[in-house]
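See below for the structure under consideration.
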Amino acid sequence: MEKADSSRRASKNQPNPLPVLAILAKDVGELAVHEKQVFSPILKAWHPLAAGVAVATLHSCYANEIKQFISGITELTPDAVQVLRAADKLEKDLVQIAVEDAVDSDDGGKAIIREMPPYEAETAIANLVKGWIKTRLDRLKEWVDRNLQQEVWNPQANQEGYALSAVETLRIIDETLDAFFQLPIPAHPALLPDVIVGLDKCLQYYVNKAKSGCASRNTYIPTMPALTRCEIGSKFQGVWKKKEKSQNTQKRNSQVATMNGDKSFGIPQLCVRINTLHHIRSEMDVLEKRIVTHLRNCESAHLEDFSNGLSKRFELTPAACVEGVQQLSEAVAYKIVFHDLSHVLWDGLYVGEPSSSRIDPLLQELEQNLLVISETVHDRVRTRIITDIMKGSCDGFLLVLLAGGPSRAFSRQDSQIIEDDFKALKDLFWANGDGLPADLIDKFSATVRDVLPLFRTDTESLIERFKRMTLEAYGSSARSRLPLPPTSGQWNPTEPNTLLRVLCYRNDEAASRFLKKTYNLPKKL
C-alpha cells in the first residue's frame with residue numbers, strides 16, 4: 001500500500017495518472033508471480049499448496065481494499081472502471097496460480113479456491129453501466145415528452161416533410177450509442193441488449209405519442225339513422241328533406257368538434273405524422289447497421305456477436321410505426337370523406353331528387369384533397385393513403401345508398417345514374433393510368449359493384465329474395481313472422497339487412513306497403 005501510494009504521488013503530474021488501487025492490483029500481481037517463482041518451490045517441502053496459500057492470502061488482503069472501494073462508487077468514471085478492470089485481472093491471475101499449484105492435489109484446489117470469494121468487479125462494472133444507461137434513457141424520455149408538446153407537425157418545417165422532433169430524437173439515440181461504445185469497459189456486447197431494449201422503448205414511446213389523439217376511421221363514420229320507408233309522392237317531401245338534412249349534420253359534428261379546434265390534427269399535419277413514422281421505420285435498419293459497425297471495432301466482441309446481424313434487434317418500434325401509419329392513413333382517409341367533405345357526400349349526394357344532386361361536387365373536392373396528399377406525403381406511403389381514401393369513398397357511397405335517411409329515395413330508373421356516378425368515382429382514382437393500379441381499384445370497389453345491381457332489380461323480386469334469405473338465416477321460426485335482420489355493416493347482395501335497406505329507399509308503393517305491413521316502419525325519423 002505504501003509503495004502504491006508513493007507511485008501515485010510520483011505520477012500525479014503526468015497525464016492520466018493511474019488510481020492507487022489500480023497500481024496496487026498491478027503490484028500485488030507482480031508480487032504473486034515473484035512468490036510463485038522464487039519462494040513456492042522451496043516452501044512446497046513444508047506445505048503441498050504453498051503457492052495457493054500465498055495467493056489466497058494476497059487475494060484476501062486486496063479484497064479488503066476493493067470491497068470498500070466498490071461500496072463507495074456511485075457513477076461510472078474512467079478511474080472507477082480502471083480500478084475494477086485491474087481488480088478483475090488480478091483476481092483471474094491469482095486464481096490461475098492457485099489452480100496450477102493444486103493440479104496434483106486430491107480436490108484439484110477446490111478448498112483453496114473456496115477461500116477466495118470473488119471480488120465481483122465485473123458485476124460492479126455491469127451495475128454501473130446499467131445505471132449510466134438508465135440515466136441516459138430517462139433523459140431521452142423527458143426530452144421526447146417536452147419536444148412532442150411543442151411539435152406542430154408543420155409540413156413546411158423541412159423539405160422531407162417529417163417532424164423536426166423525430167430528427168432530434170434519432171440524433172440523440174445516435175449520440176447515446178456512440179457514448180456507450182466509448183465507455184472504457186470490457187463487456188460492450190454483453191450489455192448492448194440493455195441499451196437496445198431501452199432505446200427501442202423510448203422510440204416506441206415517441207411513435208405512440210405521435211399518433212395519440214389522432215382518432216381512427218370509426219371516429220368519423222356517421223351514426224346510421226333508424227330504418228324508415230319512403231313517403232311516396234308526398235308534396236311535403238321537399239320540406240321534410242331540408243329538416244332531415246340539418247339533423248344529420250348535427251348528429252355527426254358533435255363527435256369530431258374537439259378534433260377541429262386543434263390545428264395539429266388537420267390533413268397536412270396528419271400527413272407529416274405519417275411521414276415521420278415512415279422515416280423512423282426506415283431509420284431502424286440504418287441504426288442496426290451502425291451498431292454492427294461499432295461491434296466490429298470493439299475489443300471484446302466475438303464474431304458470433306454480430307455474424308448474423310444483431311442478436312438483439314429493435315422490435316417494438318418498427319411494429320409501432322407500421323401500426324401507426326395504418327391508423328393515421330385510415331384517419332386521414334375517413335376524415336376527408338366523412339368530415340371534410342360531408343357537405344357534398346353525407347349532406348348532399350342524392351338528397352331530394354337523385355338526378356339533380358349527383359356526384360360531381362364530391363369528385364371535384366376529392367380531387368383537390370388528393371392533390372394535397374400527393375404533394376405532402378412521402379411517395380413510399382402515398383399509395384397506401386390514396387387506397388384508404390378510395391376505400392372510404394366506397395364506404396361513404398354505400399352508406400348514402402343504404403343508410404342515407406328519409407331525405408333519399410331511389411326509383412329503378414335512378415340505378416343508371418348511380419352506376420354512372422360510381423364509374424366516375426372509380427375513374428377519379430384510376431386517373432387515366434396515373435392513379436391507383438386497376439387491381440387495387442377492383443379489389444376495394446368489389447362490395448359496391450356487387451350491391452349496385454339490387455337498385456335495378458324490380459321490387460317484387462327484391463321482396464321475394466329478402467323473404468328467402470331471411471328464412472334461410474332464421475329457419476322455420478321465421479315462417480309465422482319475418483324477424484327484422486340486424487345491421488352488420490357488412491353489405492352483401494345476399495345479406496337480408498342489405499336487401500331490406502334497398503327496399504327502405506325504393507321509391508315505390510309496393511316496397512312501402514311491404515315494409516308497413518311486415519315491420520310497421522315509419523316514414524319519418
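Each residue takes its place number in the sequence, starting with 1.
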Donor-acceptor check, side chain of Arg412 to backbone of Arg456, threshold 3.5 angstrom: yes or no? yes
Are the charged groups of Asp388 and Lys391 less than 4.0 angstrom apart, N to O? yes
Short side-chain donor-acceptor distance under 3.5 Å, Asn147 and Tyr206: no
Does Arg136 qualify as a cation-pi partner of Trp143, given the criterion of NZ or CZ under 6.0 Å from the six-membered ring centre and within 45 degrees of its axis? no
Which pairs, with at least one residue in residues 408-428 and sequence neighbours excluded, count as a ring-ring contact (aromatic ring centres under 6.0 Å, His included)? Tyr350-Phe410, Phe397-Phe422, Phe410-Phe455
Hey, can you tell me if His188 and Phe180 have their rings parallel, tilted or perpendicular (30° and 60° cut-offs)? perpendicular
Donor-acceptor contact below 3.5 Å, side chain Ser512 vs main chain Glu509: no
Answer yes or no: is there an ion pair linking Arg171 with Glu168, defined by an N-O contact shorter than 4.0 Å? yes
How many angstroms lie between CG in Leu399 and CG in Leu349, if you round to the nearest 0.5 Å? 11.0 Å
Closer than 3.5 angstrom, by distance alone: can the side chain of Ser329 be matched with the main-chain N or O of Gln326 as a donor-acceptor pair? no
Gln327 side chain to Ala215 main-chain N or O, any donor-acceptor pair under 3.5 Å? yes
Between the side chain of Asn275 and the main-chain N/O of Thr376, is any donor-acceptor distance below 3.5 Å? yes
Taking the side chain from Asp414 and the backbone from Pro354, do they hold a donor-acceptor pair closer than 3.5 Å? no
Salt-bridge test for Glu231 and Lys524: reply yes if a basic N is under 4.0 Å from a carboxylate O, no otherwise. no
Sidechain-backbone polar pair: Glu353 side chain, Ser356 backbone, donor-acceptor under 3.5 Å: no
Measure from the side-chain N and O atoms of Glu151 to the backbone N and O of Ser165, and report whether any donor-acceptor pair falls under 3.5 Å. yes
Is there a side chain to side chain donor-acceptor pair (under 3.5 Å) between Asp145 and Gln149? Walk through the geometry before answering. CA-CA 6 Å; Asp145 264 337; Gln149 279 166 2; 5.5 Å; no
Is Glu419 paired with Lys423 through a side-chain N to carboxylate O contact shorter than 4.0 Å? no
What pairs of donor and acceptor atoms, side-chain ones from residues 127-135 against any protein atom, are under 3.5 angstrom apart with sequence neighbours left out?
residue	atom	partner	partner atom	Å
Asn127	ND2	Thr123	O	3.4
Lys134	NZ	Asp138	OD2	2.7
Thr135	OG1	Gly131	O	2.9

In short, ring-ring contact (aromatic ring centres under 6.0 Å, His included) pairs touching residues 267-287 with sequence neighbours left out are Tyr162-His279, His278-His378
Look only at the side chain of Thr317 and the backbone of Asp200, and say whether a donor-acceptor pair between them is shorter than 3.5 Å. yes
Side-chain donor or acceptor of Tyr505 paired with backbone N/O of Gly405 under 3.5 Å: yes
